[in-house]
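For the single chain, residues carry numbers from 1 onward in sequence order. All values below come from the heavy atoms of this structure, side chains included, with hydrogens, waters and symmetry mates left out.
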Amino acid sequence: MNYSYSPLSAGGGGGAGGYGGAGYGIDQHNRCCGNRAWCVKDICGIVCVIMTWLLILFAEFVVMRLILLPSNYTVFSTINMILFQALAFLAFASHIRTMLSDPGAVPRGNATKEMIEQMGYREGQMFYKCPKCCSIKPERAHHCSVCQRCIRKMDHHCPWVNNCVGESNQKYFVLFTFYIASISVHTLFLVLTQFAECVKNDWRTCSPYSPPATIFLLLFLTFEGLMFGIFTIIMLATQLTAILNDQTGIEQLKKEEARWAKKSRLKSIQSVFGRFSLAWFSPFTEPSCRTRFNSHFYSV
């Protein structure tokens, strides 16, 4: 594991160097838009994000231009248009919130003598210190080599959102997988109805495009729907299982013994989504969960 186990000595502590941890101003690492947003500058992640957006736009184009807008069934077309646009908007918003939200980064360079004393550690008391980002690691935090930070309750680093999934953005990631899975199922239903309509009538009149182009677009959309649907349904089930069991993905992978007091399933789900309400399904609200830890473990 990426930490050292250090005793606090009267003369120790170590300097923060150029890290700028809590108490030393705003930490600008992985920050953009005037420090208002969290941005991981990883080329692979940025490419995956662009691919995700392009695939959503492709599904938007085929569903609207080829299936719903040319449909002769006004009621069917209108209902499905509203449903698809709502799911697409919520999926996109959830993706943006997951990508641009601080996942729970521990301030870099907070393992100084002054900060250690402010946190209430006594001389001779043992604590975990990450040698890579010079920070005191709270319980259940892990270091991410891509974000180059220790992340509280880190589940995993996902290139498709170009960010870690951790304590502060897990809700948005779960919503992203839920809405993408919903879009995928809805898209497959619409593709099946369009295929049935074209087979029943005439391929030349059931679409504004030529029959070969129509078949290609529908087949590619089917492949995309199956691929994204299976992946996100599995990921959604994995995330919900981990939340209910109060154990992150990385803790399961490393088979870490629980040193923390495990919460009940209700408390575990509330720690991610808050108390049950329609806000659970909104990517624009965030549950209040920061009171559970020392404030020195949160980035400014």
Side-chain angles (χ1 to χ4, degrees), residues 28-69 81 83-105 144-149 151 154-166 168-188 190-191 209 213 216-236 238-239 249-250 282-284 286:
Q28 298 184 359
H29 181 252
N30 284 346
R31 292 284 177 177
C32 61
C33 302
N35 295 320
R36 291 189 296 271
W38 174 269
C39 305
V40 179
K41 300 172 183 65
D42 175 58
I43 297 299
C44 176
I46 293 172
V47 170
C48 289
V49 165
I50 294 173
M51 285 179 58
T52 301
W53 291 349
L54 289 176
L55 288 170
I56 292 175
L57 288 174
F58 173 78
E60 178 86 17
F61 168 77
V62 178
V63 167
M64 296 300 297
R65 186 72 182 89
L66 193 148
I67 300 176
L68 295 180
L69 289 178
M81 199 179 300
L83 178 59
F84 185 85
Q85 294 300 333
L87 291 174
F89 173 75
L90 290 170
F92 185 76
S94 299
H95 186 269
I96 292 292
R97 286 301 301 269
T98 308
M99 180 176 63
L100 299 182
S101 294
D102 184 339
C144 174
S145 58
V146 179
C147 295
Q148 299 178 12
R149 297 288 288 273
I151 308 296
M154 176 180 169
D155 187 87
H156 68 289
H157 184 93
C158 178
W160 296 104
V161 297
N162 191 32
N163 201 359
C164 272
V165 177
S168 300
N169 68 346
Q170 189 171 25
K171 171 191 173 179
Y172 309 129
F173 182 74
V174 172
L175 289 179
F176 171 65
T177 58
F178 172 73
Y179 288 124
I180 289 294
S182 300
I183 287 178
S184 300
V185 172
H186 188 213
T187 298
L188 291 173
L190 293 175
V191 168
Y209 301 102
F216 172 79
L217 291 172
L218 290 176
L219 287 178
F220 191 88
L221 185 60
T222 301
F223 172 76
E224 180 186 342
L226 287 172
M227 181 182 68
F228 269 80
I230 293 172
F231 176 76
T232 52
I233 287 172
I234 292 174
M235 183 58 70
L236 177 62
T238 302
Q239 286 291 301
I250 198 168
S282 171
F284 304 104
E286 62 177 293

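- Annotation: F284, atom CZ; neighbour count of heavy atoms from other residues, nucleotides and ligands within 6.0 Å is above 12.
- Shown here for V165 and C158, the closest heavy-atom pair between the two residues is CG2-CB, 4.5 Å.
- Here the CZ-CG distance, from F61 to L66, works out to 7.5 Å after rounding to the nearest 0.5 Å.
- Between I67 and L218, the closest side-chain pair of non-hydrogen atoms falls below 4.5 Å.
- Atom CZ of F216 has 12 or fewer neighbouring heavy atoms from other residues, nucleotides or ligands inside a 6.0 Å radius.
- How far OG1 of T177 is from CD1 of I233: 10.0 Å, rounded to the nearest 0.5 Å.
- Panel note: side chain N162, backbone V40; a donor-acceptor pair is recorded below 3.5 Å.
- With contacts defined as side-chain heavy-atom distances shorter than 4.5 Å, the pair L221/V63 qualifies.
- Here the closest non-hydrogen pair linking L100 and C39 is CD2-SG, 4.2 Å.
- A donor-acceptor pair under 3.5 Å links the side-chain atoms of D155 to the main chain of G249, judged by distance alone.
- Note that CD of Q239 and CD of Q170 are 5.0 Å apart. Values are rounded to the nearest 0.5 Å.
- H156 and F173 have perpendicular rings, their planes meeting at more than 60° on a 0 to 90° scale where under 30° would count as parallel.
- Contact detail for I151 and C144: the closest heavy-atom pair is CG1-CB, 4.3 Å.
- Rounding to the nearest 0.5 angstrom, the gap separating the CG atom in L236 from the CZ atom in F231 is 11.5 Å.
- A heavy-atom distance below 4.5 Å is found between the side chains of L217 and F58.
- The shortest heavy-atom contact between P103 and N163 is CG-OD1, 3.6 Å.
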Original post:
Would Q85 and E60 count as a side chain to side chain contact (heavy atoms under 4.5 Å, CB included) if you check the C-alpha gap in whole Å, the side-chain angles of each, and the deciding distance to 0.1 Å?
Top reply: CA-CA 8 Å; Q85 294 300 333; E60 178 86 17; 2.4 Å; yes
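- Within the 3.5 Å criterion, the main-chain N or O of T98 finds a donor-acceptor partner in the side chain of N169.
- Residues S94 and Y179 share a closest heavy-atom pair of OG-CD1, 3.7 Å.
- Between T187 and E224 there is no side-chain heavy-atom pair separated by less than 4.5 Å.
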Expected list for residues 45-56: side-chain donor-acceptor pairs under 3.5 angstrom, two or more places apart:
residue: T52; atom: OG1; partner: C48; partner atom: O; Å: 2.8
residue: W53; atom: NE1; partner: H95; partner atom: ND1; Å: 3.2

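- Going from atom CD of Q148 over to atom NZ of K41 covers 10.5 Å, rounded to the nearest 0.5 Å.
- Taking the side chain as every heavy atom from C-beta outward, M99 and Y172 never approach each other to under 4.5 Å.
- To the nearest 0.5 angstrom, L190 atom CG is 7.5 Å from F84 atom CZ.
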Subject >> Working for side chain to side chain contact (heavy atoms under 4.5 Å, CB included), residues L90 and L175 >> reply: CA-CA 8 Å; L90 290 170; L175 289 179; over 6 Å; no
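- Shown here for R149 and A105, the closest heavy-atom pair between the two residues is NH2-CB, 3.6 Å.
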